[in-house]
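First comes the structure, then the notes that go with it.
Below, read A as the first sequence line, B as the second, and so on, with proteins coming before strands; counting in each chain starts at 1.
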There are 2 protein chains.
Amino acid sequence: MSTMDDAERRAWAYLTAVAEPPAASVIELVTAVGAVAAADAVRSRKVPAGHLAALAATEARYATDTGERDVETADRIGARLVTPADEEWPAWSLAVLDRASTAVRGGGPLALWARGPGSLASLGDAAVALVGSRAASSYGEYVAGRFASGLSAQGRTVVSGGAYGIDGAAHRGALAAGGFTVAVLACGIDRDYPAGHARLLQEIAARGLIVSEYAPGTTAAKHRFLTRNRLVAALAGATVVVEAGRRSGAANTAAWATRLGRPLGAVPGAVTSATSVGTHAMIADGQAVLVADVDQVASLVAPDGEDPRGRAPTRRTDDLPPDQFRVVEALPAREPMSIDEISFRAGIPVDAVRRALAALDVETLVEEDGGLWRLRR
Amino acid sequence: MSTMDDAERRAWAYLTAVAEPPAASVIELVTAVGAVAAADAVRSRKVPAGHLAALAATEARYATDTGERDVETADRIGARLVTPADEEWPAWSLAVLDRASTAVRGGGPLALWARGPGSLASLGDAAVALVGSRAASSYGEYVAGRFASGLSAQGRTVVSGGAYGIDGAAHRGALAAGGFTVAVLACGIDRDYPAGHARLLQEIAARGLIVSEYAPGTTAAKHRFLTRNRLVAALAGATVVVEAGRRSGAANTAAWATRLGRPLGAVPGAVTSATSVGTHAMIADGQAVLVADVDQVASLVAPDGEDPRGRAPTRRTDDLPPDQFRVVEALPAREPMSIDEISFRAGIPVDAVRRALAALDVETLVEEDGGLWRLRR
């Protein structure tokens, strides 16, 4: 849980609402000056040199400060705001979103609103995203439910988007097996969207986790589904498309998994079924691996068949001292970064970065490459 | 049609019956001394030096000469015996069976018994083998029939094995669309096997082609199905497995297609269906390409979508002078061969081989590689 004071919480809440995600410029401002100062700067329209983009990104909404209201809403429904400074922050999972090649398409979230007893830190390779068409066939819903139950029985987390069709069947299958399931929403964590899933979302909030980068009250919108999809792909160790028609939103999530270098599986079906046209194309094109049973799904994230219980990839960083944690969080997964850049991104003095890197190097969490540093895979 | 005299026909017929295919040693003997002398040598148990293996291969049956009877049977049912000397001989299709790596597992047929108006010369890339389980599902039979009709409508030939299930559905689909279909049998071309397909086989014989390397009267047997499968894979430009369970004979045909370097497709189905377990495994392992519609099947043999009508791959050799034809027939598809070996295999003097190769080189049908020669692909 967060150790922020109220002013800090309100500042973060304001910032998640004041710019439409993904908002790299606001993240850069927060990284540079901290959340409270960033919120003040946005409100007063006076940002430090080099951060003018944050003004443009907040132009439409800066005058409406919903921070206090959203914090109250979250408190009332038992939700919380998770920031990169929190232990629960899934830094390893989200690191791929900050790679140069993907950052131009969005980058990671500023913060995440979370609702439910589950921890964001328990995702990673222990989690599999099961996604697919809203207009699913009964075959697709059956397979999604069966895969979700099977993954749950193996101690894995089922991630999906809370939608009708495949998403709902996946969440239900996980819950039925007593498993842990995460719904990543394209609206606020306080909203029952879709309305027909109000009861399902309540159950996920009670036993699993509902996550969103959108502030409470934010309504679902088409562009938000596409933006949300990158989080589904990033938060899960692998993504499986259970059913997808010729033009399906699931293809977007699949594209994100591919772009992020995450394993992608697709479930085959009858060639006479319109809801399998998309998955067949992914398999035929070599984009996705054909997965026909739970073991094949599990082998996407654990090729050697290891037990996922108790080996969430974030675990190793859970107990890190704050400076080391922030350095890990600042480091990209692929392209190495200079110590000066790390200092800038982590908001920690260069000397402290050097000490943190040395300690992380001993723990084999980071590696040096010609004076530059990156996360060790 | 054959230009053989009766003595020659009887000799070939005797030779197809006297050794169990594949009988590389008998083929070598015929290549060396001709069919009539080879038959005499086998009958009299006096073979030329270097051909003792042909004695062993014919040990069990040499005393029973069914040649005359089988020729009469063929005449009566309107069948013919096609040998490598006939224009109809599918030399290009069968060449892959004589590559060093595959010859050890069988090699090509000595000759082929054929029944029906179709020509063996019209196969190759214009032909697609549709194979699968005898215990097919109604889904599998539907897809086999639909693919066969679609391929027929494109002017392609459907090759299969005449069995219950997928094979039968494929033949029927081709016939229903007015197409040309070829049944490659593991028994004599005069036998109605399986019995329930008597009427279907009659129709194929009337409008398509029934082919077998086994002499008339030969009964079906398990090892003959496996031997037959290599001909299905070789005669078709590509093979598609429509349905296959965990242990299916279709997997053997698929393995032959792979071994021969022929494109292999597999049709997906419900992951809940036992009859799709085999095809899913082929796709997941990368052995087969997922094919979900007729166009994807067609693209296995014609990636650029060219029209198969009138471009059977044997066409270029149809009009070759006899010496050139026999040299082409003797040449392997991959590993190049010396002129002495070609002379031996083709049964043509070295000088004549040199002249034939020079002419074939001009026609870009062959290519030289360090003094050795091979077919140009």
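- Contact annotation for Val277(A): neither backbone nor side-chain heavy atoms come within less than 4.5 Å of a heavy atom of chain B.
- Residue Val289(A): no heavy atom, backbone or side chain, is found under 4.5 Å from chain B.
- The NE2 atom of His280(B) sits 7.5 Å away from atom CD1 of Ile283(A), with the distance rounded to the nearest 0.5 Å.
- Among the candidates Asp285(A), Val291(A), Thr272(A), the residue making the largest number of heavy-atom pairs closer than 4.5 Å to chain B is Thr272(A).
- Proximity to chain A at a heavy-atom threshold of 4.5 Å picks out Tyr139(B), Tyr142(B), Val143(B), Arg146(B) from residues 137-151 of chain B, in numerical order.
- The two residues Ala292(B) and Val271(A) make their nearest non-hydrogen contact at O-CB, 3.4 Å.
- Among the candidates Gly269(A), Ala284(A), Ser273(A), the residue making the largest number of heavy-atom pairs closer than 4.5 Å to chain B is Gly269(A).
- Arg207(A) CZ: more than 12 foreign heavy atoms inside a 6.0 Å radius.
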